[in-house]
A.B. asks: 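Take a look at this one; I'll ask things after.
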Amino acid sequence: MSVNTDLQRERQNATIRSDEFATWWWGGEKELNKRRAMEKLFFDDPQFEDQRSIANMSHKELYEHTAAKAVRFVRKLREFLQQQRTGKRLTPIEEVYEMRIIMAGTLGAALVPQSFPLRLHFTMFLPALINQTTEEQRKQWLDKAWNFDGIIGTYAQTELGHGTYMRGLEARADYDIERGEFVLNSPSLTSYKWWPGGMGQTANMVVLMAQLYIKDKPYGLQPFLVRIRNEQSHEPEPGVDVGSIGPRLGMNGVNNGFLGFKNVRIPLNQMLAKHNQVLADGTFVKGPEPLLLYDTMIFSRVIVVRDVSYNLLQAATIATSSAMSTNTDLHHERQNATICSEDFAVWWAGGEKELSKNRTLEKLFFNDPQFADERPLANMSYKEVYEYSTAKAVRFLRKLREYLREQRKINSKPLTAIEEIYELRRLLAGTLGAALLPQNFSFRLHSAMFLPTLLNQATEEQQKQWLEKAWNFDGIIGSYAQTELGHGTFVRGLETRADYDIERKEFVLNSPTLSAYKWWPGGLGHTANVTVLMAQLYIKDKPYGLQPFLVRIRNEKTHEPEPGVDVGDIGPKIGLNGVNNGFLGLKNVRIPLNQMLAKNNQVLADGTFVKGPEPLLLYGSMVFARVLIIRDVVYNLLQAATIATRYSAVRRQGVETPGQPEIQVLDFLTQQQKLFPQIAKGIFYRMAADYVWDMYRVVNKELDVGNKRNLPELHALTCCLKAVCSEDASKGVEILRKACGGHGFMASANFGNIYANATAACTYEGENTVLLLQAARFLTKSYVGGLKRCVLPRTVAYMRIFTRPKWTADVETLVAYLEKTSMERAKFSFFYMQSNKANPKIANHAGLSLAKAGILHGRAFMARMALDNVRSQILKGRIPKSLQGVIEELLNIFIMDLFLASLDEILHFNYLSAKQVQDIEERYQQALLAFRPNAVAVVDGFDFHDRVLSSTLGCYDGQAYERLMAEARKCDLNTETVNATFESSLKTLTRSNL
């Protein structure tokens, strides 16, 4: 392909030469040339080309493909490095380091993008043999391990129940003096080794970190060399329970494993004895520095720092439902709470009637065997996920429609059409839909965009023709096609054309360029047969702007694409792989005149264009979608918060006093600061979502009678809140995942699906930065209106308050400071643009300030809304007295968190002393500690069914470790003790004597 002209221009106009930068970055011309020669050697070799995208493979297929490719990679890399060896000889550790940084660096990432199962052999196993063995032990094993001569190694330290707190590790090595052997055991489920790369089906030896006991006296953590699989057959050795831990959020080629022991014996010389030693008679000889035991971890961390720097630069360049008793810690949390979680659940659901209705609906589906998942989706290929999700979604939709029809008979108050669509979409894409369809489903846009567009943009006659059929799926499965390959939020830049042919009274649809192809619409790939198409209207070659058209893209009977239609799936994403996002190109596709949705604008038969009263109405579907998104991301955040809070109550780490039980992670203030603000955000963001939904319904009714006064406020507020809430939810879910340590990275923890939903919302239905800029235009106009003493819309009424709030350190004052700061940022943005009006690039240069204005308005609005809402509910008796204290604690946490997150902007425009800021920080910490006793009770009150959370870490009973192991044993890789890769690849590696 030719080079993009914009990129060519960027390179020509740069003030530096990229080759000079590359020479500096890679450490000189010699190193740069070596790297390029190495890349050419591999990238030009057809045996390293992927004929099939790994994103389309199942978990088992991905491992087998990666393991085979990694063996070829190691062989060829070794040959290359041997030829390069000139001059100064490397030490063993330098040689290991060089091999590892190449394999796990940019070359390895390109060839083996899901990483590889030999990674820990170089990162941990070989360094342990170099640094922790005696000279005699190195002679026995190091050369063989370096050459893969019967040895593929890994390093087992982390356990199911313990990670960084190594003194808490439970795996035991008891020395048997009579037989001169160590007896290895995993005394509990939590003592199983968990996470080591290559452990699952690849490694046959391991450096095992275990607690040494001699005559039942403990001598601390020591390293042992243990054969876990037979060298010839690769079957697990007697007493060894080993397998893969199952899919993770990524790096699924690493083959992370679990390892348990039952009376496994190894000889005395297999304790690595450079630092500490056990003599034959059982005497323990202590070395000079116990910290040396951890030098393997230090070596590993040096490499990790290098790895993540490349990850960052690459990113910048691209821009078991078994009957288990409840965990005792969770049981105590619930007993010791000062509130009743059932009371909270009633309030949160909106009353006993709504809570009962929600539970009845969940029971209807969760007790139905046709909705049980026999095989985890994480083990399926991309194609299997789509086919499985679509079949299940059809069953879900049928049963849900039957349920809603029965409810209509009971419900006395009829819903409007838009309310009916909203309810259906809420159930399909809400917690119930998330539980049944964790990778989402391909009908999502039918209810979220297609139906609302027919309702809001079609004439009455057009609605009679299509709306009922679309509602009943009568020959119509819809999607909504706006975003293109080359354009997204900038809708004026969309290229798809609709030329009106006056003679034939038809529109001729075309995608004039590749970048004009529609890209991303959900269900467009293989599910939808009709779409609302947003295209530029031309009449006699004169443009009339973007208009909506109803287009059949697949035959109703055969489902084959219609003539001139090029349609398909865009391929795997980070998540939401059941949505079937598609591409769409059109070539001279003709549709009749009445298929332009004409409620707002119209084309007459003679080609006359009749312009409607308000072009903003075209974006009604987008506004509706953003209202829904705000609610969606709230549930993403609260699901993640429930999982992390329950797991933090179960997980224990470290001791304060020797001999005392380990501390619950939830007791650490640092953990509370990660968890509790997210709980508060979820609660008050939902209040904001309810506020906006009520506002949307009011504005929608006003528009029907021609009143558009409140439309700009609604548009700005939905832009602002969609951006702020989705961004905060995305960051919050990731904070909560990391708060769960390594286990949070397991696919079975379900943070991957939750995060994918939250982070996708940052870019679909309007990229967040663009939305903030749109909102900021409304804010600067409002500021000017305030200067002119105009009556301002309610949500920006604070723009008229120009005096500095009096400091009292209560939440009312904090809200006032947030509003004052938002006004000041809007003011700054306005005057900055006014003083630079002559500069044609001023809108771009003001962008940073305008985006900040949008964020600050979102925070100020939500702080004021939360404060007023809670006060109003308490005054009207809508919050039970038993809950008022905890709701006010959460309100304090929410507002103080918003204040502290905005502190840089607050201090930019206001004066606060160090003492005043310190007071807020101390009050914030006190609020976290005050909420601590009720954290579990509150997340229980969100009433997420275990099927909704779908998380091994977040189940109501708290049996996280049992569920992790049960889920790991379901992994496809564990259906056989020896994977086929041993015979096809690994066996050849261990016989090759590299």
A.B. asks: Rounded to the nearest 0.5 Å, what separates atom CG in Leu772 from atom NZ in Lys722?
C.D. replies: 9.5 Å
A.B. asks: Just by distance, do the side chain of Gln671 and the backbone of Ala739 share a donor-acceptor pair under 3.5 Å?
C.D. replies: yes
A.B. asks: Roughly how far, to the nearest 0.5 Å, is the NE2 atom of His446 from the CG atom of Leu451?
C.D. replies: 4.0 Å
A.B. asks: Between atom CD of Gln916 and atom CD of Glu921, what is the distance when rounded to the nearest 0.5 Å?
C.D. replies: 12.5 Å
A.B. asks: Of Val939, Asn934, Val938, which is the lone residue that meets side-chain contact (heavy atoms from CB on, under 4.5 Å) with Phe344?
C.D. replies: Val938
A.B. asks: Take Tyr691 and Leu717, measure what side chain to side chain contact (heavy atoms under 4.5 Å, CB included) needs, and give me the verdict at the end.
C.D. replies: CA-CA 11 Å; Tyr691 180 100; Leu717 189 60; 4.1 Å; yes
A.B. asks: Kindly indicate whether the side chain of Leu638, heavy atoms from C-beta on, has any atom under 4.5 Å from the side chain of Arg686.
C.D. replies: no
A.B. asks: Does Glu767 reach the main-chain N or O of Thr769 with its side chain, forming a donor-acceptor pair under 3.5 Å?
C.D. replies: yes
A.B. asks: I'd like to know if the side chain of Gln672 reaches the main chain of Arg932, judged simply by a donor and an acceptor atom lying under 3.5 Å from each other, with no hydrogens or angles considered.
C.D. replies: no
A.B. asks: Looking at Ser479 and Gly522, what are the two nearest heavy atoms and their distance?
C.D. replies: OG-O, 2.8 Å
A.B. asks: For the CZ atom of Arg626 and the CG atom of Leu714, what is their distance to the nearest 0.5 Å?
C.D. replies: 10.5 Å
A.B. asks: Ser902 side chain to Glu905 main-chain N or O, any donor-acceptor pair under 3.5 Å?
C.D. replies: no
A.B. asks: Below 30° counts as parallel, above 60° as perpendicular, anything between as tilted: where do the rings of Phe942 and Phe944 land?
C.D. replies: tilted
A.B. asks: If we ignore angles and hydrogens, is there a donor and acceptor under 3.5 Å between the side chains of Asn869 and Ser872?
C.D. replies: no
A.B. asks: Is a salt bridge present between Arg697 and Asp694, judged by a nitrogen-to-oxygen distance below 4.0 Å?
C.D. replies: yes
A.B. asks: Determine the interplanar angle of the Trp807 and Tyr817 rings, folded into 0 to 90°, and report it as parallel if under 30°, tilted if 30 to 60°, perpendicular if over 60°.
C.D. replies: perpendicular
A.B. asks: Tell me the closest heavy-atom pair linking Arg804 and Asn910, and the distance in Å.
C.D. replies: CG-OD1, 4.2 Å
A.B. asks: Looking only at heavy atoms, which two atoms of Ser726 and Asn768 are closest? And how far apart?
C.D. replies: OG-ND2, 3.0 Å
A.B. asks: For a quick test of reading the model, state the closest non-hydrogen atom pair linking Tyr685 to Ile630 and the distance between them.
C.D. replies: O-CG2, 4.2 Å
A.B. asks: Taking Asp897 for the side chain and Ile893 for the main chain, is one N or O donor matched with an acceptor at less than 3.5 Å?
C.D. replies: no
A.B. asks: Is it the case that atom NZ in Lys573 sees more than 12 heavy atoms from other parts of the structure closer than 6.0 Å?
C.D. replies: yes
A.B. asks: Has Gln884 got a side-chain atom pairing as donor or acceptor with Ile879's backbone, closer than 3.5 angstrom?
C.D. replies: yes
A.B. asks: Given ring-ring contact (aromatic ring centres under 6.0 Å, His included), test Tyr924 with Phe899 step by step and report yes or no.
C.D. replies: CA-CA 10 Å; Tyr924 181 60; Phe899 182 89; over 10 Å; no
A.B. asks: Please determine whether the number of non-hydrogen atoms from other residues, nucleotides or ligands lying under 6.0 Å from atom CG of Leu669 exceeds 12.
C.D. replies: yes
A.B. asks: Is the shortest heavy-atom distance from the side chain of Lys806 to the side chain of Thr813 under 4.5 Å?
C.D. replies: no
A.B. asks: Please name the pair of heavy atoms, one in Ala644 and one in Cys740, separated by the smallest distance, quoted to 0.1 Å.
C.D. replies: CA-SG, 3.7 Å
A.B. asks: Less than 4.5 Å apart, any side-chain heavy atom of Ile895 and any of Phe684?
C.D. replies: no
A.B. asks: Say whether Glu922 and Gln918, considering side chains only, have a donor N or O and an acceptor N or O under 3.5 Å apart.
C.D. replies: yes
A.B. asks: Just checking, is any N or O donor in the side chain of Asn601 or Tyr544 under 3.5 Å from an acceptor N or O on the other one?
C.D. replies: no
A.B. asks: At what distance, to the nearest 0.5 angstrom, does CE of Met823 lie from CZ of Arg800?
C.D. replies: 12.5 Å
A.B. asks: Side chains of Asn358 and Asp943: closer than 4.5 Å at any heavy-atom pair?
C.D. replies: no
A.B. asks: Below 4.0 angstrom, N of the basic side chain to O of the carboxylate: do Lys518 and Glu495 qualify?
C.D. replies: no
A.B. asks: Is there a donor-acceptor pair under 3.5 Å between the side chain of Lys681 and the backbone N or O of Leu898?
C.D. replies: no
A.B. asks: Determine whether Phe830 and Leu779 satisfy the following criterion, side chain to side chain contact (heavy atoms under 4.5 Å, CB included), listing intermediate values before the conclusion.
C.D. replies: CA-CA 9 Å; Phe830 171 73; Leu779 297 175; over 6 Å; no
A.B. asks: Checking Ser829 against Thr780: is there a side-chain donor and acceptor pair closer than 3.5 Å?
C.D. replies: no
A.B. asks: What verdict does the salt bridge (Lys or Arg N to Asp or Glu O under 4.0 Å) test give for Arg864 and Glu812, after you've listed the backbone C-alpha separation in whole Å, the side-chain angles of each residue and the deciding distance to 0.1 Å?
C.D. replies: CA-CA 8 Å; Arg864 175 61 66 190; Glu812 176 68 54; 2.9 Å; yes
A.B. asks: Any side-chain to backbone donor/acceptor pair from Ser515 onto Leu485? Under 3.5 Å, distance only.
C.D. replies: no
A.B. asks: Quick one: does any side-chain atom of Glu713 pair with a main-chain N or O of Asn710 as donor and acceptor, under 3.5 Å?
C.D. replies: no
A.B. asks: Any side-chain heavy atom of His845 within less than 4.5 Å of one from Tyr832?
C.D. replies: yes
A.B. asks: Below 4.5 Å, heavy atoms only, C-beta onward: do Phe828 and Lys852 meet side chain to side chain?
C.D. replies: no
A.B. asks: Any side-chain heavy-atom pair from Thr759 and Ile574 closer than 4.5 angstrom?
C.D. replies: no
A.B. asks: Would you check, one step at a time, whether the test side chain to side chain contact (heavy atoms under 4.5 Å, CB included) holds for Cys725 with Met862?
C.D. replies: CA-CA 10 Å; Cys725 292; Met862 285 189 287; 3.9 Å; yes
A.B. asks: Return the minimal non-hydrogen interatomic distance between Met896 and Ala927, and the atom names on each side.
C.D. replies: CE-CB, 3.8 Å
A.B. asks: Give a yes or no answer on whether the side chain of Ser822 reaches the backbone of Leu818 with a donor-acceptor pair at less than 3.5 Å.
C.D. replies: no
A.B. asks: Roughly how far, to the nearest 0.5 Å, is CZ of Phe751 from CD of Gln639?
C.D. replies: 10.5 Å
A.B. asks: Determine whether Gln482 and Val491 satisfy the following criterion, side chain to side chain contact (heavy atoms under 4.5 Å, CB included), listing intermediate values before the conclusion.
C.D. replies: CA-CA 8 Å; Gln482 178 169 304; Val491 289; 3.2 Å; yes
A.B. asks: Using a strict 4.0 Å threshold on nitrogen-to-oxygen distance, state whether Glu734 and Lys731 make a salt bridge.
C.D. replies: no
A.B. asks: Could you check whether any side-chain heavy atom of Thr496 comes within less than 4.5 Å of a side-chain heavy atom of Met534, counting everything from C-beta outward?
C.D. replies: no
A.B. asks: Using a strict cut-off of less than 4.0 Å between a Lys/Arg side-chain nitrogen and an Asp/Glu carboxylate oxygen, indicate whether Asp632 and Arg444 qualify as a salt bridge.
C.D. replies: yes
